[in-house]
There are 2 protein chains.
Amino acid sequence: MPGRVTQQTIARLSQYRRLLDRLLHEGVRHVFSHQMAEGTDVTAAQVRRDLMVLGHTGNPRHGYNVAVLIRAIDGYLDASEGQRVAVIGIGNLGLALMAFFAGRRPKLSITAGFDSDPNKVNRVIHGCRIYPIDSLAQAVAELDIGIAIITVPAGEAQAVADKCVDAGIRGLLNFAPIHLRVPKACYVSDVDLTMSLEKVAFFARHMVEVNNAEGEEDDT
Amino acid sequence: MPGRVTQQTIARLSQYRRLLDRLLHEGVRHVFSHQMAEGTDVTAAQVRRDLMVLGHTGNPRHGYNVAVLIRAIDGYLDASEGQRVAVIGIGNLGLALMAFFAGRRPKLSITAGFDSDPNKVNRVIHGCRIYPIDSLAQAVAELDIGIAIITVPAGEAQAVADKCVDAGIRGLLNFAPIHLRVPKACYVSDVDLTMSLEKVAFFARHMVEVNNAEGEEDDT
DNA sequence: TGTTGTGAATCTCTTCACAGCT
DNA sequence: AGCTGTGAAGAGATTCACAACA
């Protein structure tokens with residue numbers, strides 16, 4: 001469907017949707033692009049540009065109908081048949097992510113966990129079973145899992161990624177601090193915690209040159 | 001010191017350093033830019049361009065001396081006096097992050113935790129004490145904390161951010177799924193887990209149009 | 001009047017390509 | 001022979017600015 005969408009547009013659509021969900025919850029019916037811009041971290045022009053990929057909605061009188069716009073984003077981002085996700089590596093972080101994502105998006109559900117430690121296998125956490133890593137291919141096929149979250153130590157991450165690819169998984173969310181090599185047909189997004197913290201540490205000391213969305217609020 | 005450095009250059013320097021640490025550990029003495037490019041996800045030209053900010057140095061014969069380059073990046077990214085970090089919100093994710101960051105970088109140490117739940121207060125986890133959220137300002141001053149990791153629920157995040165700013169914290173790593181409003185002098189980096197997963201889900205279904213660093217390895 | 005949708009301009013980041021060095 | 005460092009070109013993303021519209 002999409003001719004050519006950038007990763008950042010998809011990222012922002014996800015944020016818009018979250019904002020819109022909250023607004024809907026608060027009883028707001030209509031929003032203007034500049035209001036959406038305020039609630040996220042972008043300009044009004046950027047919001048309108050991003051919404052173009054949806055084929056659009058929106059009128060100059062009331063702006064965008066919140067409920068309609070949410071459905072439009074849902075239709076664009078979500079797979080109608082849903083997508084199932086595995087967490088591989090049931091340590092502190094893996095458990096925290098299972099808790100975090102549990103029940104958050106109906107079309108994107110954590111369905112299984114995997115670990116190499118026999119003590120962790122067969123437990124059921126947040127309604128999903130932990131399988132031995134060796135049964136990955138089989139379980140992925142049976143449960144129709146298309147996405148994996150990798151939370152194993154760096155040293156094991158590449159081997160795990162290879163297994164995922166072999167099992168037919170086409171999307172990886174990688175928390176291991178290492179660059180994964182995968183075939184072009186598999187999409188990887190890295191969440192690099194160390195890098196994120198080091199970035200904050202650096203700019204906390206060099207705040208001057210960051211124009212973190214200028215027209216922003218107060219000043220203490 | 002930096003005239004104007006971009007966030008992505010800082011992010012990549014952090015990744016180069018991690019790669020170099022590993023190489024040093026493996027006994028590698030010298031690297032060329034194209035080898036560093038392989039180990040991360042960038043081009044050789046990008047690596048060389050990024051390293052320009054260090055002032056430094058590398059020679060056409062052997063490339064870069066690994067140990068020297070690490071020290072150069074250390075000197076650029078790290079505060080010589082070190083920086084102390086607090087984790088606010090000691091739930092699953094907060095605990096996982098305390099474990100993850102424990103002892104990872106000497107110049108960037110998790111020093112305190114904060115939570116509003118009295119049951120969690122005064123415990124000591126990974127060598128650092130959990131304080132009540134009300135004592136934030138005091139503890140931050142006493143322990144000289146400059147950075148906070150926010151892992152509280154979305155509904156509390158803005159209030160927590162405000163307290164952090166008041167307490168003098170100038171860098172925030174935010175895991176709450178909400179856009180924080182802070183003064184321009186405070187730097188915020190968001191780790192948006194939901195967005196990251198939704199991005200993976202989307203591109204896993206639309207792999208075609210992503211040229212995820214083309215010249216990459218195999219093809220199944 | 002105040003907003004949307006969007007072509008064009010601008011700005012920012014990445015890649016090219018090559019002189020200079022070893 | 002093959003690399004580094006970097007000015008200049010190129011690609012890509014964002015913002016401007018305005019016609020169309022309610």
Side-chain angles (χ1 to χ4, degrees), chain A residues 2-16 20 28-66 68-69 72-73 76 199 203 209-216, chain B residues 2-16 20 28-66 68-69 72-73 76 199 203 209-216:
Chain A
R4 176 72 64 109
V5 211
T6 65
Q7 295 181 286
Q8 41 275 59
T9 291
I10 298 302
R12 284 188 299 260
L13 284 173
S14 167
Q15 291 169 228
Y16 301 150
L20 292 165
V28 177
R29 292 295 163 82
H30 300 275
V31 268
F32 296 119
S33 60
H34 63 86
Q35 297 174 301
M36 292 176 63
E38 250 176 59
T40 45
D41 194 11
V42 300
T43 64
Q46 182 74 74
V47 171
R48 297 201 299 277
R49 171 78 55 196
D50 287 332
L51 296 183
M52 281 176 69
V53 305
L54 304 179
H56 93 49
T57 40
N59 92 27
R61 178 78 98 212
H62 301 110
Y64 305 88
N65 177 299
V66 174
V68 171
L69 187 50
I73 297 177
Y76 191 78
K199 195 157 59 104
F203 285 109
E209 48 254 324
V210 178
N211 291 37
N212 220 358
E214 77 217 19
E216 214 71 39
Chain B
R4 177 71 66 108
V5 211
T6 65
Q7 296 182 287
Q8 34 292 48
T9 291
I10 297 303
R12 285 187 299 258
L13 284 173
S14 167
Q15 292 170 227
Y16 302 151
L20 291 165
V28 177
R29 293 292 162 80
H30 299 275
V31 267
F32 296 118
S33 59
H34 64 86
Q35 296 174 302
M36 292 176 64
E38 249 176 58
T40 45
D41 195 12
V42 299
T43 64
Q46 182 73 73
V47 172
R48 296 200 301 275
R49 169 83 46 199
D50 288 332
L51 296 184
M52 281 176 70
V53 305
L54 304 180
H56 180 291
T57 84
N59 91 30
R61 177 80 96 212
H62 301 111
Y64 304 88
N65 177 300
V66 173
V68 171
L69 187 50
I73 297 177
Y76 191 78
K199 196 157 58 104
F203 285 110
E209 49 256 322
V210 179
N211 292 36
N212 218 357
E214 76 214 20
E216 213 70 39

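So that the names make sense, note that chain A is the first sequence line, chain B the second, and so on, each numbered from 1. Computation of the quantities below employed the complete heavy-atom set of this structure, encompassing side-chain atoms and omitting hydrogens, waters and symmetry-equivalent molecules.
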At 10 degrees resolution, what angle do the end axes of the helix from C:dT1-D:dA22 to C:dT22-D:dA1 form when each is taken over five base pairs?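 The value is 0°.
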Give the intermediate values and the outcome of side-chain contact (heavy atoms from CB on, under 4.5 Å) for residues A:Met52 and A:Arg49. CA-CA 5 Å; A:Met52 281 176 69; A:Arg49 171 78 55 196; 3.8 Å; yes
side-chain contact (heavy atoms from CB on, under 4.5 Å) assessment of B:Met36 paired with B:Leu69: CA-CA 12 Å; B:Met36 292 176 64; B:Leu69 187 50; 4.0 Å; yes
Identify whether any heavy atom of A:His34 sits under 4.0 Å from a base atom; if not, whether one sits that close to sugar-phosphate; answer base, sugar-phosphate or nothing.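 If one applies the 4.0 Å heavy-atom cut-off, A:His34 turns out to touch the sugar-phosphate alone, with no base involved.
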Name all residues meeting the side-chain hydrogen bond (donor to acceptor under 3.5 Å, both in side chains) criterion together with A:Tyr64; count only those two or more places apart in sequence or in a different chain, and write none if there are none.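 Scan of A:Tyr64 (side-chain hydrogen bond (donor to acceptor under 3.5 Å, both in side chains), adjacent residues dropped) gives none.
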Specify the closest pair of heavy atoms between [X] and [Y], including all atoms of both residues, with the distance to one decimal.
{"X": "A:Ile10", "Y": "A:Tyr76", "result": "CD1-CE2, 3.7 Å"}
{"X": "A:His30", "Y": "A:Val66", "result": "N-CG2, 3.8 Å"}
{"X": "B:Leu13", "Y": "B:Ile73", "result": "O-CG2, 4.0 Å"}
{"X": "A:Lys199", "Y": "B:Gln7", "result": "CD-O, 3.8 Å"}

Nearest-angstrom distance from the residue atom [atom1] of [X] to [atom2] of [N]:
{"X": "B:Leu54", "N": "D:dG5", "atom1": "CG", "atom2": "C1'", "answer": "13 Å"}
{"X": "A:Met52", "N": "D:dA13", "atom1": "CE", "atom2": "C1'", "answer": "14 Å"}
{"X": "A:Phe32", "N": "D:dA22", "atom1": "CZ", "atom2": "P", "answer": "15 Å"}
{"X": "B:Leu51", "N": "D:dG5", "atom1": "CG", "atom2": "P", "answer": "7 Å"}
{"X": "B:His62", "N": "D:dC3", "atom1": "NE2", "atom2": "C1'", "answer": "11 Å"}

Once each nucleotide of nucleotides 13-22 of chain C is scored for protein heavy atoms under 4.0 Å, what B/S/- sequence comes out, 5' to 3'? SSB-B--BBS
Under the 3.5 angstrom rule, does the side chain of A:Gln46 hit a backbone N or O of A:Thr43 as a donor-acceptor pair?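 A pair under 3.5 Å: no.
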